[in-house]
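These notes concern the structure reproduced below.
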Amino acid sequence: METTQLVKGVLDLAVLAVVAAQEGYGYDVVRRLRAAGLQDVGEASVYGTLRRLYTAGALTSWVVPSDEGPHRKYYGINAKGRDTLEEQAKTWQNFSTTMDGLLDRVYDTPTTSGSSR
Amino acid sequence: MNDDTSILGHGDTRVLDADHRAAAQVRDYVSAVRRQLQDLDPEDLDDLTSGMHADLAELLAERGGRLEAILGSPARYAAELRSAAGIPERSSPLPRALDLAAIRRGATERLMRVRSRWPWVDPTWAFIVTLRPAWWVLRGIALSAILRWFMSDVVGELLPANAFEWVVAGMLVVASVWWARRPARSRPAVLFTLAANIVALFVLLAVLSMSAPRDYSAPAPSWNQNGLYLDGNEIRNIYGYDADGKRLTDVRLFDDQGHPVVPYPVDFAGTDVAARVDRFGTSWNNVFPRPWLAGLAPWVFTSSAEDAWTPPWIPPQVIAPLAPPTVPPSPSPSASASSSPSASASGSPTTAPSATRSATTPSTGSAKPTSAPATSAKPTTSR
């Protein structure tokens, strides 16, 4: 299965989690997502997601002027964003547990402790 | 961020130069992406791309090379940004002059809606389609007509006049039907058919418009009865002179049937001519001369500069007096044959002397208007 498709589904959650850990600008968020292991995440997808979460009221945004170069746009999480994050995290955990259970039955014990995920 | 400071920290001109090139590359890429998002609200667009320069510059500094190699084309980037940000895709990829496919799609959709709303559209259309062979025949005839119009001076007749023309028309009809039934349809052939159809349509419209006046020419005279005509020209006014050659005022005229002589009741300026009233309250439209323009007295031709109307003819104050009627019957009609005098001449012996400029006579004249011309006509012939 292609990871890109999976990432797309959870990108909101991933971005919210990263920004909740620490506020950041677009490329910074991309870098941290990749560092966390989501190699396939696309720049434009992250920027778009940041933008959409901001429009939805889950993020705050501010511009930091720079003397040497172009301005940076920072995003930070707010109360609504934290609520959303919590809710989505719960949904993900439920989903993840369900999937684990499903796969456990197929592969028995060895897979659960070991490989893919 | 460390990369950032390290780059800026370098004093090396080569690095600065590379930095400059990178900035230009980022600028180009951002503006290309913005072009793809031009359907957005300008404010939204600025908002969406406000941090892009800095982010892309950092990305480029970190990875090197070309932005297109890292991120894909600006169009792809914009599409990804759009879908992630939940911005609807633009209907046409780029502002193109004419998207024929979209127009056709739109027309088809509209047609489908029409068909579903009005159930009679489909059967009606099917019926019209069955009439197509009739159009093929008509088209052949129309094309033969235009051929004929070019060959001869007679224009406007749809149907052939002689055997040869019928043969030509028949051949064109056959050609038209054959052409329509051909199975292969190339693009030029379709265009040719379209052109032929348009020409045929114009021919038929021309025939219709040219035959229309001919059809109305019969009822036209009945409409003309509203006016008075002399040799096909409309008579608007009549100026009478008595035997002395002096102007006559307030003369009422009747024809040989006893009908009042009434020209079209509108003066040159288009104003309705007011009728005159006799002492019994009967109104008369046959009083001459009529005022040249509304509001003017009879025989007055200088309108007070309200309009620049000039009368086609200003009647003289006086014309030559008639010679006494020595040989009564023949000379007076022949001498006065030009216009009104024939009528006034017969009436002049009785009315003219007293009626020249006064309005007193009408009362006496009105008592016997219908019979008067008839009775006066009889004496002249009997004499």
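We name chains A, B, ... by the order of the sequence lines, and we start the count at 1 in each one.
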Does any part of the side chain of Arg72(A), heavy atoms only, come nearer than 4.5 Å to the side chain of Asp55(B), both counted from C-beta?
yes
Minimum heavy-atom distance between Arg31(A) and Glu58(B), given as atom pair plus value:
NH2-OE2, 2.5 Å
Indicate yes or no: at least one non-hydrogen side-chain atom of Tyr47(A) is less than 4.5 angstrom from one of Leu48(B).
no
Can you tell me if Lys73(A) uses its side chain to pair, donor with acceptor, with the backbone of Thr49(B) under 3.5 Å?
no
Enclosure of Arg76(B) CZ (heavy-atom neighbours >12, cutoff 6.0 Å):
no
Heavy-atom closest pair, residues Ala84(B) and Thr49(A)
CB-N, 3.8 Å
Chain B: which of Ser45(A), Ala44(A), Gly26(A), Gly42(A) shares the most heavy-atom pairs with it under 4.5 Å?
Ala44(A)
For Glu62(B) and Tyr27(A), does a side-chain donor sit closer than 3.5 Å to a side-chain acceptor?
yes
Please report the interatomic distance CG(Asp47(B)) to OG(Ser61(A)), rounded to the nearest 0.5 Å.
7.0 Å
Heavy-atom neighbours of Trp125(B) CH2 exceed 12 at 6.0 Å:
no
Check the pair Arg51(A), Asp44(B) against salt bridge (Lys or Arg N to Asp or Glu O under 4.0 Å), reporting the backbone distance first and the verdict last.
CA-CA 10 Å; Arg51(A) 159 80 183 176; Asp44(B) 280 352; 3.6 Å; yes
Between Gly51(B), Gly86(B), Ala85(B), who has the most heavy-atom pairs with chain A when the cutoff is under 4.5 Å?
Ala85(B)
Region of Leu59(B) that comes under 4.5 Å of a non-hydrogen atom in chain A
both
Once rounded to the nearest 0.5 Å, what's the spacing between atom CG of Leu81(B) and atom CZ of Arg52(A)?
11.0 Å
